Amino acid sequence: MDDFTGTTALVTGGASGIGRGLATSLLEDGAAHVVLADIEAEALAEAVAALTGLGLGEVSGIRCDVTDPESVELTASLAWERTGGLRVVCLNAGVFAGGYAWETTLDDWDWVLGVNLRGMINGVRSFVPRLIDAGEPSHLIGTASIAGIVAAPASAVYCTSKFAAVGLMESVQHDLGLAGATHVATSVICPGMVATNIDHGERNRPAALGDATDTEASHLSGDSIEKILAESGLDPLVGARHALGQAKAGRFYVTTHEGDMWDRLVGNENDDRLAGRPPRFQMYE
Ligand SMILES: NC(=O)c1ccc[n+]([C@@H]2O[C@H](COP(=O)([O-])OP(=O)(O)OC[C@H]3O[C@@H](n4cnc5c(N)ncnc54)[C@H](O)[C@@H]3O)[C@@H](O)[C@H]2O)c1
């Protein structure tokens, strides 16, 4: 889609950070109704009130746990009813945990893969058939990460989930073409470092998956992310505006940052792959 004027949209993880930025940017672009779907009830109510207060378009909230297929299906059907049919769906909810692959607890594997990958799978299963059946121009936008293209050290579960999220979005793009559903456009956002609440993701962690990785590597990774986000993380609204601008321009791979970060990191990664070298360590800057 190259124009969001008058559109109807839903953003998972819309109560905070990049999701809230995407919702705001969609409203700035003229969206008529934006639905925020999020697990965190208080933050959701606050975000709905704040975005409604902008006076740009209708904003509503649905409490949703993206890891639960029934919750996502209910959200899709409620949002469809409320808006008369969605045209933009942003599968954005995500969490982070750090640590070496072999030290990461099974609870961390289940939590992060559950939100970042299973959450996106649930979204694809509930929203894509509706977008196809609607027969109108629409856009499915998934939030992965630059960590889904270029792996970072001491972040095994996060990188695994994000490489899979990029693969899922690429597959959906192929499958929509094969199914003749080219009215559904797709983009995958691969943000760099954005100043959000991702370093406080534990706030939404289910008690049943409470065994968080507690190792030197997990602390090193968590502390360094907190420091980078505080010192040089991009404003999420600025990143969201940039990403949606690129999506509207028809790009599939989309990032949050202006400049040459994408070309440099992906270029180095591709060079290493073509030469058969192990991936070099690259900072996301
Ligand atoms: N912040 C960064 O630097 C960065 C970089 C690359 C990718 N990302 C990705 O951007 C997306 C948004 O993250 P953010 O940085 O804005 O973090 P954030 O913590 O500010 O926002 C994430 C949102 O997801 C919601 N959420 C968490 N678990 C959920 C669940 N089970 N069901 C529904 N909602 C749930 C949270 O309540 C929160 O509102 C994530 O997919 C993240 O991996 C972030």
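Counting begins at 1 with the first residue of the sequence. Ligands are counted one by one from 1 in listed order, and the atoms in each one are counted from 1 as well. Worth saying up front: this structure is predicted, and the values here are computed from it rather than measured.
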Mark up the atoms of ligand 1 that fall under 4.0 Å of a heavy atom belonging to [X], in ascending order.
X	result
Met193	3 (O)
Gly13	23 (C), 24 (O), 25 (C), 39 (O)
Asp65	30 (C), 31 (N), 32 (N)
Gly94	22 (C), 24 (O), 40 (C), 41 (O)
Gly17	16 (O), 20 (O)
Lys162	40 (C), 41 (O), 42 (C), 43 (O)
Ala93	24 (O), 34 (N), 35 (C), 41 (O)
Glu40	37 (O)

Donor-acceptor check, side chain of [X] to backbone of [Y], threshold 3.5 angstrom: yes or no?
X	Y	result
Ser71	Asp65	yes
Thr24	Arg20	yes
Thr256	Gly192	yes
Asp2	Lys248	no
Glu269	Val150	no
Asn92	Thr12	yes
Tyr158	Ala152	no

Heavy atom of the protein closest to [atom] (residue, atom name, distance):
atom	value
atom 44 (C) of ligand 1	Ile18 CD1, 3.6 Å
atom 35 (C) of ligand 1	Ile39 CG2, 3.6 Å
atom 20 (O) of ligand 1	Ser16 OG, 2.6 Å
atom 15 (O) of ligand 1	Thr196 OG1, 2.6 Å
atom 3 (O) of ligand 1	Val194 N, 2.8 Å
atom 37 (O) of ligand 1	Asp38 OD1, 2.6 Å
atom 4 (C) of ligand 1	Gly192 O, 3.9 Å

Below 4.0 Å from ligand 1: does a non-hydrogen atom of [X] turn up there or not?
X	answer
Thr143	yes
Cys64	yes
Ala195	no

Residue pair Arg277 / Asp271, side-chain heavy-atom distance below 4.5 Å: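 Side-chain contact under 4.5 Å: yes.
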
Residue among Thr255, Val254, Thr143 satisfying side chain to side chain contact (heavy atoms under 4.5 Å, CB included) with Pro191: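 That would be Thr143.
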
Ring geometry between Phe127 and Trp80 (parallel below 30°, tilted from 30 to 60°, perpendicular above 60°):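 Judged by the thresholds at 30° and 60°, the geometry between Trp80 and Phe127 is tilted.
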
Hphob cluster co-occupancy, Met1 + Val128, side-chain heavy atoms under 4.5 angstrom: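 No, Met1 does not connect to Val128 through the hydrophobic network.
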
Any idea which part of [X] is under 4.0 Å from ligand 1, heavy-atom wise: side chain, backbone, both or neither?
X	answer
Ala37	neither
Phe96	neither
Arg203	side chain
Asn116	neither
Ala144	backbone
Asn197	both
His200	neither

Under 3.5 Å: N/O of Gly14 near N/O of ligand 1: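 By distance alone, the answer is no.
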
Candidate with minimal heavy-atom separation from atom 11 (C) of ligand 1, of Thr75, Asn92, Ile198, Asn204: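 That would be Asn92.
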
Best match, Tyr158, Tyr284, Trp111: closest heavy atom to atom 42 (C) of ligand 1: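 Minimum heavy-atom distance to atom 42 (C) of ligand 1 goes to Tyr158.
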
Derivation of the side chain to side chain contact (heavy atoms under 4.5 Å, CB included) call for Glu285 and Met261: CA-CA 6 Å; Glu285 56 189 17; Met261 181 188 80; 5.9 Å; no

Neighbour count above 12 (heavy atom, 6.0 Å) for Glu202 CD: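 For Glu202, atom CD is crowded (more than 12 foreign heavy atoms under 6.0 Å).
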
Heavy-atom neighbours of Arg125 CZ exceed 12 at 6.0 Å: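 For Arg125, atom CZ is not crowded (no more than 12 foreign heavy atoms under 6.0 Å).
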
Step-by-step side chain to side chain contact (heavy atoms under 4.5 Å, CB included) determination, Ser60 to His33: CA-CA 8 Å; Ser60 64; His33 190 151; 2.9 Å; yes

